[in-house]
Amino acid sequence: MPWSILDLLRRDPEKLRDSVRRRGLDPGLVDRAVELDVSWRKKLREVEQLRHRHNVISRSIGKASPEERRKLIAQAKELLKVIEEAERELKTLEEERERLLLKLPNTVHETVPDGLTEEDNVPVRFWGKPRVWRGHVEQFRAQTEKWGFKVEHEVIDWRPVGHADMLEQVLGLGNTLKAGEVAGSRFYYLFDDLVWLDIALLMYALDHLSRKGFRVVLPPYMLRRKAIMGALDMETFEDAIYKVEGEDLYLIATAEHPLAALYMGEEIPEEELPIMLAGISPCFRKEAGAGNRDLKGIFRVHQFHKVEQFVYAKPEESWEILEKLVANAEELIRGLELPYRVVNICAGELGAPAAKKYDIEVWMPAQGRYRELVSASNCTDWQSYRLRIRYVRRKGMVRDYVHTLNATAIASTRTITAILENHQEPDGTVVIPKVLRKYLEPFEAAPKEVIRPAGKH
RNA sequence: GCCGCGGUGGCCUAGCCUGGUAGGGCGCCGGCCUGCUAAGCCGGUGGGGGUAUCCCCGCGCGGGUUCAAAUCCCGCCCGCGGCGCCA
């Protein structure tokens with residue numbers, strides 16, 4: 001079987017229309033793709049027949065007498081004009097068809113909830129005992145009981161300081177104002193304890209994943225357009241990706257991009273699957289669509305560090321692996337003692353590459369909201385089709401597109417904001433999760449148990 | 001950045017000078033043979049379209065010359081070696 005989406009397009013376009021509809025997109029997109037695919041194939045046959053005639057003549061020239069040769073060459077030249085015209089038409093159709101095919105989003109998996117907005121995402125489980133400020137109790141209920149979950153929590157009378165003020169006012173370990181002046185908004189300087197914390201978090205994630213059989217990877221931080229477009233859709237490309245002036249190079253928005261591109265154009269023997277990679281890289285994001293959301297602090301920034309899980313899998317095992325990737329991320333967050341919920345993202349919020357996506361959202365005590373810390377997607381064969389990555393099954397000579405999956409392990413700055421709010425004491429002290437201890441230990445200057453407010457060192 | 005050499009199906013390789021349907025080996029898949037295995041023999045083993053037997057495209061990528069390009073010409077990418085520069 002070829003690319004699953006093309007297969008549906010030809011055999012069962014209604015299913016594809018339905019999937020596009022569930023995402024809140026225009027199903028006419030599918031109809032146009034079907035039409036173009038049909039007319040492209042028709043034109044292709046026409047061109048091939050013409051080329052065949054030309055090849056027959058051309059081949060006979062070598063064996064012809066000088067007399068006949070002149071005649072045949074004239075004939076071939078004449079035919080060439082016809083072919084050129086037909087080929088131009090074919091090329092136009094082909095480009096249009098390809099453009100449309102690449103616009104088609106992945107097919108939505110049947111276990112994905114309906115809906116178009118954040119409100120329609122469905123929590124599937126909760127963990128931890130969140131600290132809920134008295135003023136947030138109502139909204140906490142709205143985020144738990146609405147779906148029938150009874151989440152044990154501790155009501156507190158003092159309101160924790162928000163991560164942005166913690167960073168700059170209370171701890172004095174960040175400067176977004178100066179960063180704004182020299183680089184723009186959504187940039188930051190971090191200092192001392194938070195730098196150690198950032199590095200410790202990354203090591204923690206790498207250590208955890210490598211013990212589970214992930215191969216750790218430090219990938220290129222820039223990619224050619226061809227490679228980066230294989231991993232993401234036009235919308236993300238325009239909202240997120242920085243281009244290097246004067247070169248065919250783009251800054252990655254996540255290690256997912258170079259890890260997906262690692263096998264571009266290749267065939268993977270099935271015995272090698274699943275290939276489990278843990279990439280570590282900076283992430284660069286324009287956040288063009290974000291407007292004024294989360295403008296303060298380091299929750300939503302143009303640049304941060306991330307350890308990313310990425311897996312190449314056989315189609316029959318990819319759904320099981322998606323659950324595993326989420327479980328890995330949950331283990332990491334539980335280790336950090338951050339209360340969270342796992343959310344099944346609704347069809348309209350999926351993003352084109354994903355067939356299904358879970359987010360892990362951590363309770364933010366100062367905001368009174370669960371906020372996204374981790375995102376885990378099964379992209380099935382959407383990326384591998386674009387990047388032409390197949391797996392080969394020797395038994396039966398199967399050559400088919402692999403499935404790709406990705407999930408955050410740790411995104412540094414966001415995780416820091418979660419720690420600043422959840423492990424904050426009334427006096428502003430931040431308790432460092434015990435699991436990070438061993439990654440801080442090697443550095444004499446690094447904090448080990450707590451991060452103290454400015455002036456209380 | 002400069003000079004030289006190279007890039008051919010999953011891998012290795014012939015063909016390039018001298019343009020005329022891409023050959024061989026290994027591996028793999030299927031079949032025959034066989035008590036079983038091996039050997040041996042036969043077929044298959046890049047993409048696409050149509051499926052009755054077929055056809056088109058494909059020799060790193062993109063152009064050009066030609067009736068015809070792996071082959072000749074130009075540009076680019078990648079790899080190797082050398083020189084230069086550099087943390």
Side-chain angles (χ1 to χ4, degrees), chain A residues 1-11 33-102 104 218-230 243-244 246-250 258 261-273 275 282 312 314 381 384-402:
Chain A
M1 199 184 63
W3 186 35
S4 64
I5 291 182
L6 185 59
D7 191 55
L8 273 184
L9 196 70
R10 290 181 181 172
R11 290 192 309 102
V34 170
E35 247 171 65
L36 267 167
D37 186 49
V38 169
S39 51
W40 169 74
R41 281 190 286 171
K42 197 174 151 209
K43 183 58 77 177
L44 181 62
R45 291 183 68 179
E46 190 186 318
V47 168
E48 285 182 350
Q49 278 163 18
L50 287 168
R51 283 206 275 237
H52 178 57
R53 274 169 57 199
H54 183 262
N55 284 345
V56 170
I57 296 171
S58 184
R59 272 175 220 148
S60 69
I61 289 173
K63 299 169 214 148
S65 65
E67 180 72 7
E68 275 173 76
R69 187 170 295 206
R70 260 204 316 279
K71 249 188 264 172
L72 286 170
I73 290 178
Q75 244 182 66
K77 277 184 168 170
E78 200 57 37
L79 190 52
L80 220 50
K81 283 183 208 155
V82 182
I83 292 176
E84 251 172 63
E85 173 59 25
E87 276 179 341
R88 258 197 300 276
E89 289 167 26
L90 179 68
K91 199 178 170 202
T92 309
L93 279 170
E94 200 166 50
E95 281 166 358
E96 189 68 7
R97 170 182 177 269
E98 185 69 4
R99 214 172 52 79
L100 247 115
L101 286 184
L102 291 180
L104 290 172
L218 197 145
Y221 301 160
M222 300 176 220
L223 294 173
R224 297 214 168 97
R225 188 187 167 103
K226 179 177 68 166
I228 206 161
M229 279 314 293
K243 184 182 192 321
V244 175
E247 307 216 34
D248 179 26
L249 281 176
Y250 299 82
L262 178 59
Y263 286 88
M264 184 169 78
E266 293 191 28
E267 287 173 354
I268 306 172
E270 73 164 331
E271 312 84 77
E272 289 178 24
L273 297 173
I275 297 171
Y312 292 91
K314 287 186 266 188
D381 60 356
S384 60
Y385 168 75
R386 304 173 147 236
L387 290 162
R388 300 288 129 100
I389 305 172
R390 282 172 296 198
Y391 71 96
V392 181
R393 230 189 272 278
R394 268 187 279 188
K395 199 85 186 157
M397 297 296 272
V398 174
R399 191 179 256 109
D400 211 346
Y401 292 105
V402 285

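Lettering follows sequence order; numbering is per chain, from 1.
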Between [M] and [N] - [atom1] atom distance, rounded Å:
| N | M | atom1 | value |
| --- | --- | --- | --- |
| B:C33 | B:G24 | C1' | 26 Å |
| B:G63 | B:G82 | C1' | 31 Å |
| B:A68 | B:G64 | P | 12 Å |
| B:C77 | B:G10 | C1' | 23 Å |
| B:U71 | B:G15 | P | 15 Å |
| B:G62 | B:G43 | C1' | 38 Å |
| B:A38 | B:G48 | C1' | 40 Å |
| B:U53 | B:G44 | P | 14 Å |

- Message: Under 4.0 Å between a side-chain nitrogen and a carboxylate oxygen: does that hold for A:R97 and A:E94?
- Response: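 Result for this pair is no, no salt bridge flagged.
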
- Message: Taking the basic N atoms (NZ, or NE/NH1/NH2) and the acidic carboxylate oxygens, is any pair closer than 4.0 Å for A:K81 and A:E84?
- Response: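 Result for this pair is no, no salt bridge flagged.
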
To the nearest angstrom, how far is [X] atom [atom1] from [N] atom [atom2]?
| X | N | atom1 | atom2 | value |
| --- | --- | --- | --- | --- |
| A:E271 | B:G27 | CD | P | 16 Å |
| A:K226 | B:C78 | NZ | C1' | 10 Å |
| A:D400 | B:G47 | CG | C1' | 14 Å |

- Message: Return the CG to OG1 distance between A:L36 and A:T92, rounded to the nearest 0.5 Å.
- Response: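 Result: 11.0 Å between the selected atoms.
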
- Query: Quick one: what's the B/S/- string for nucleotides 49-71 of chain B, heavy-atom cutoff under 4.0 Å, read 5' to 3'?
  - Reply: SS----BBS---------BS---

- Canonical and wobble pairing (Watson-Crick, G-U, under 3.5 Å) of RNA chain B, dot-bracket with |: ((((((((.[[[[.)....(..]]]]((((((.......))))))((((....))))..[[[[[..)....]]]]])))))))....

- Query: Base, sugar-phosphate alone, or nothing: which one does A:R224 contact when heavy atoms must sit under 4.0 Å apart?
  - Reply: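 Contact class for A:R224: sugar-phosphate only.
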
- Message: Angle between ring planes, A:Y263 versus A:Y312, binned at 30° and 60°: parallel, tilted or perpendicular?
- Response: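 Perpendicular: the ring planes of A:Y263 and A:Y312 meet at over 60°.
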
- Task: Could you walk me through whether A:R45 and A:E48 pass salt bridge (charged side-chain N to carboxylate O under 4.0 Å, His left out), step by step?
- Result: CA-CA 5 Å; A:R45 291 183 68 179; A:E48 285 182 350; over 6 Å; no

Closest approach of [X] and [Y], non-hydrogen atoms and distance?
| X | Y | value |
| --- | --- | --- |
| A:Y391 | A:Y401 | CE2-O, 3.6 Å |
| A:I57 | A:L72 | CG2-O, 3.7 Å |
| A:L387 | A:A227 | CD2-O, 3.7 Å |

- Any residue meeting side-chain hydrogen bond (donor to acceptor under 3.5 Å, both in side chains) with A:E87, in chain and number order, not counting sequence neighbours: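 If we apply the side-chain hydrogen bond (donor to acceptor under 3.5 Å, both in side chains) test to A:E87, skipping adjacent residues, the hits are A:R51.
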
- Item | Under 4.0 angstrom between A:R390 side-chain N/O and B:G10 OP1 or OP2 |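 No, because none of the side-chain N or O atoms of A:R390 sits under 4.0 Å from OP1 or OP2 of B:G10.
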
